[in-house]
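Have a look at the structure below, then the notes.
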Amino acid sequence: MIEARHLRVLRAVAGTGSFSAAARELGCTQPAVSQQMKALEQSAGTPLLIRTGREMRLTQAGEALVRHAAGILAGLTAAEEEVAAIAGLRAGRVRLVSFPSGSSTLVPTALAAMRAEHPGTRISLVEAEPPRSVEMLREGDCDVALAFRYGGAAHCAAEWEDLVVRPLLTDRLVGLVPDGHRLAGAERVGMAELADEPWIAGCPRCRRHLVEVCEGAGFTPRIDFATDDYPAVVGLVGAGLGVAVLPELAVESVRAKGVSTLSVEPAVEREVVALTLPDLARVPAVAATLAELERAAAR
């Protein structure tokens, strides 16, 4: 294998015409130059220099290697500078995927802080709900995934055991009823009190969890409408077409017109987390993004 340090020595010898002059230029000893040239010739498998008395000239192979060395060393220098910029957060990119209510609440604050602190780092955002967002992370389509899991979801812990899991916040589910509903003035409502109501359900994972919670309260919900769009859920409730439970983050991100929010008993919570791969967690731009997401969640 030809090493970059040997190429630098070869260029110095070719440029100065001797080992001693090359040693002075490189700031090392003449024996060191001689040893590195010997190592380079062994790697190349052919002589690179012809020594005749005090004169030294390149062989054809030596000339070819010197000719290529300029481009190789220039490219290596550019690569070193680019890597140093990424390591110093003067450059780089982070691909973020988030579920919609995280995109409208946590993400803007975190990305604004990243742009202010590290303007050279580019961050892109796409939306996907778990488990698709987690699949995107494992498939290499993103660097950080915002996801959530409901309390007691041990299968999620097992599902994410190969990932770095950064807890952000606990998001409580709240009940939504139309303003004119019989329970609109109540502060709290038991799930069983909503057993006979038509329901409006959210994303598939939330929908599945809604059924589990309702069945735990002794009934199976009659789901009349299902949509991944939280503003649509709120709009349908506001129009008197049913009731719903949504995470507080989702309600925070939507203008809840014609809707009353209630605390639900028993309390239902989901844990919001940021996920990345162990190797990516050591990348400075990814680590900085995780830190800013934590700060945004703490506000």
Side-chain angles (χ1 to χ4, degrees), residues 98-106 129-131 133-134 146-160 165-179 181-234 236-238 242-256 258-275 293-294 296-299:
S98 171
F99 55 92
S101 58
S103 298
S104 58
T105 52
L106 300 176
E129 297 275 0
S133 56
V134 182
L146 255 65
F148 58 83
R149 58 186 174 193
Y150 285 97
H155 66 280
C156 283
E159 178 188 356
W160 298 345
V165 181
R166 190 74 62 89
L168 298 179
L169 57 84
T170 298
D171 191 19
R172 184 167 180 167
L173 270 64
V174 295
L176 301 180
V177 298
D179 278 346
H181 192 274
R182 59 185 174 83
L183 296 172
E187 290 186 6
R188 302 178 183 278
V189 62
M191 289 295 293
E193 296 179 68
L194 301 171
D196 297 327
E197 301 285 345
W199 283 84
I200 299 151
C203 72
R205 176 165 283 193
C206 297
R207 198 176 311 153
R208 184 169 62 250
H209 189 257
L210 168 66
V211 172
E212 292 174 358
V213 170
C214 291
E215 288 178 346
F219 70 98
T220 298
R222 190 190 93 206
I223 298 175
D224 285 359
F225 303 98
T227 173
D228 293 351
D229 184 38
Y230 288 133
V233 172
V234 173
L236 291 167
V237 172
V243 300
V245 290
L246 286 181
E248 285 183 319
L249 277 183
V251 176
E252 182 183 333
S253 65
V254 177
R255 185 178 178 184
V259 170
S260 296
T261 59
L262 316 169
S263 294
V264 175
E265 294 181 345
V268 182
E269 297 175 338
R270 66 175 184 174
E271 183 185 13
V272 176
V273 302
L275 305 172
L293 286 168
E294 281 188 315
R299 291 188 175 96

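Nothing here was measured: the structure is a model prediction, and the numbers come from that model.
Across every non-hydrogen atom of Leu210 and Ala201, the tightest pair is CD2-CB, 4.1 Å. In this structure, Val245 and Gly175 approach most closely via the heavy-atom pair CG1-CA, 3.9 Å. Residues Pro131 and Glu159 come closest through the heavy atom pair CB-OE2, 4.0 Å. In terms of heavy-atom proximity, Glu294 sits nearest to Arg166 at OE2-CD, 3.0 Å. The two residues Val237 and Val259 come nearest to each other via the heavy atoms CG1-CG2, 4.0 Å. Considering every non-hydrogen atom in both Thr105 and Ser253, the closest pair reads CG2-CB, 4.0 Å.
Between Pro221 and Val211 the shortest side-chain heavy-atom distance falls below 4.5 Å. In this structure, the side chains of Pro100 and Glu129 come closer than 4.5 Å at one or more pairs of heavy atoms. For the pair Thr261/Leu176, a side-chain contact is recorded, criterion being any heavy-atom separation below 4.5 Å from C-beta on. Using a 4.5 Å heavy-atom threshold, the side chains of Pro130 and Leu146 count as separate.
Evaluation of the side chain to side chain contact (heavy atoms under 4.5 Å, CB included) rule for Ala297 yields Leu106, Leu168, Leu169 as partners, not counting sequence neighbours. For the side chain to side chain donor-acceptor pair (under 3.5 Å) test, no residue two or more places apart in sequence or in another chain qualifies with Arg207. Val165 is linked by a side chain to side chain contact (heavy atoms under 4.5 Å, CB included) to Arg149, Trp160, Val273, Leu275, counting only residues two or more places apart in sequence or in another chain. For Ser103, the side chain to side chain contact (heavy atoms under 4.5 Å, CB included) partners are Ser98, Leu125, Glu127, not counting sequence neighbours.
Among residues at least two apart or in separate chains, salt bridge (charged side-chain N to carboxylate O under 4.0 Å, His left out) pairs with a member in residues 184-204 are Arg182-Glu197, Arg188-Glu265. Applying the salt bridge (charged side-chain N to carboxylate O under 4.0 Å, His left out) rule to pairs touching residues 243-252 yields nothing, sequence neighbours excluded.
With hydrogens and angles disregarded, no donor-acceptor distance shorter than 3.5 Å links the side chain of Asp171 to the backbone of Pro247.
Taking CG from Leu246 and SG from Cys206, the interatomic distance works out to 8.0 Å, rounded to the nearest 0.5 Å. Here the straight-line distance linking atom CG of Leu249 with atom CZ of Phe99 works out to 6.0 Å at 0.5 Å rounding. Taking CD of Glu212 as the reference point, atom OH of Tyr150 lies at 10.0 Å (rounded to 0.5 Å).
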Would Thr227 and Val233 satisfy side chain to side chain contact (heavy atoms under 4.5 Å, CB included), going step by step from the backbone distance to the final call?
CA-CA 7 Å; Thr227 173; Val233 172; 3.5 Å; yes
Test side chain to side chain contact (heavy atoms under 4.5 Å, CB included) on Val264 and Leu194 and set out the steps.
CA-CA 10 Å; Val264 175; Leu194 301 171; 5.9 Å; no
Evaluation steps, side chain to side chain contact (heavy atoms under 4.5 Å, CB included), between Met191 and Val213
CA-CA 8 Å; Met191 289 295 293; Val213 170; 3.8 Å; yes
If you apply the rule side chain to side chain contact (heavy atoms under 4.5 Å, CB included), what do you find for Asp224 with Trp199, and how did you get there?
CA-CA 6 Å; Asp224 285 359; Trp199 283 84; over 6 Å; no
